[in-house]
Amino acid sequence: MSRMSRLRVAAVVTLAVLALAACGSNNNNPPAAGGNSPSPSFTTLTQGQLKVGSCLDYRPFEYTHQGKLTGFDVDMVDAIAQKLGLKVVWIKANFDTIFNAVAAHKFDMVAAASTITPARAKSVNFSEPYYNARQALSINSQKTPTIKTTNDLKSGDIVGVQKGTTGATWAEKNLQPNGITIKTYQGAPDAFTDLEAGRIAGVINDETSSLGEVANRPSLKVVQSIDTHEHYGFAFAPDTPQLTVAVNKAFQQVVADGTYVKIFKKYFPSNPVPSEYMPH
């Protein structure tokens, strides 16, 4: 190769490097923290912030206690955001429209005890699973003590569900054909309030959330666990794959350093930590 040719090649390489550097400069947020290899770049709606959509009334995942927002999802997102060098901003949203909202960039991410499903994955990207979940049947043990499982429900009974949830889908598929009326609510607590008042015969809802609700309602009881092989994931707009990757990497760090175990035991002290979330 001639000296002139070598100079031309060097010039092309230099221009390519400069072009790549210019593309990278458009990112307004720091890369995901941790690790020895370069982390993927990502952007959020507002520099330095992670805007998170949630119902904010789904105990024990996200709820207000003594004026402060708390819960498993809240602590988990805080831990992830800390790894990413971001400040969390919570935005209250209705669960039945929350996936359309994140896809429309109303917020950066959804953290709302959201089950990963093929139908939802058509409109959003999901993170890797961060929680294993089951559904449950709750009843009013003072008004209907004979109901022990969904098989004890009879035609004409009314069962409450939260609108847009996998519990609602399960109830519509498995209970409605038996003549049981499915009543939907914007928030799960409203369904439990109606159950407490005797206006409905039962509630189908995520098991952990149900246990949190009945803990403060003496007349209510969780009587049946329903294994639907569900896992929760954080949801993102389809056109923000780099943010999904960054959150996944930060979540892996939260598991690896033992933070996940601490948060899990804080909210579910009686439950064993799943092996896949133990530090390796």
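All values reported here derive from a predicted model rather than from experimental measurement.
With a 4.5 Å cut-off between side-chain heavy atoms of Ile, Leu, Val, Met, Phe, Trp and Tyr, the cluster of I200 takes in I158, Y185, F192, L195, V203, L211, V214, L220, V222.
For residues 184-196, the salt bridge (Lys or Arg N to Asp or Glu O under 4.0 Å) pairs, not counting sequence neighbours, are K183-D194, D194-R199, E196-R217. Sorted by first and then second residue, the salt bridge (Lys or Arg N to Asp or Glu O under 4.0 Å) pairs involving residues 95-114 (not counting sequence neighbours) are D96-K163. The stretch residues 261-273 participates, sequence neighbours left out, in these salt bridge (Lys or Arg N to Asp or Glu O under 4.0 Å) pairs: D75-K266.
With sequence neighbours excluded, the residues satisfying side chain to side chain donor-acceptor pair (under 3.5 Å) with Y58 are N205, D206. Checked against side chain to side chain donor-acceptor pair (under 3.5 Å), Y131 has the following partners two or more places apart in sequence or in another chain: T208. Scanning for ring-ring contact (aromatic ring centres under 6.0 Å, His included) contacts around F264 gives F268, with sequence neighbours left out. Applying the side-chain contact (heavy atoms from CB on, under 4.5 Å) test to H231 and every residue at least two apart in sequence or in another chain returns P129, N132. Under the rule for a salt bridge (charged side-chain N to carboxylate O under 4.0 Å, His left out), the partners of K154 that lie at least two apart in sequence or sit in another chain are D157. Shown here are the side chain to side chain donor-acceptor pair (under 3.5 Å) partners of D257, two or more places apart in sequence or in another chain: K83, T259. Take Q252 and apply the side chain to side chain donor-acceptor pair (under 3.5 Å) test, not counting sequence neighbours, and it matches E128. Take T244 and apply the side-chain contact (heavy atoms from CB on, under 4.5 Å) test, not counting sequence neighbours, and it matches N125, F236, N248.
Distance alone, capped at 3.5 Å, places no donor-acceptor pair between the N94 side chain and the T97 backbone. Between the Q135 side chain and the S225 main chain, no donor and acceptor come within less than 3.5 Å of each other.
Remark: L45 CG to F107 CZ distance equals 10.0 Å, nearest 0.5 Å.
Hydrophobic clustering places V261 together with I80 (ILVMFWY residues linked when any side-chain heavy atoms are closer than 4.5 Å, directly or through intermediates).
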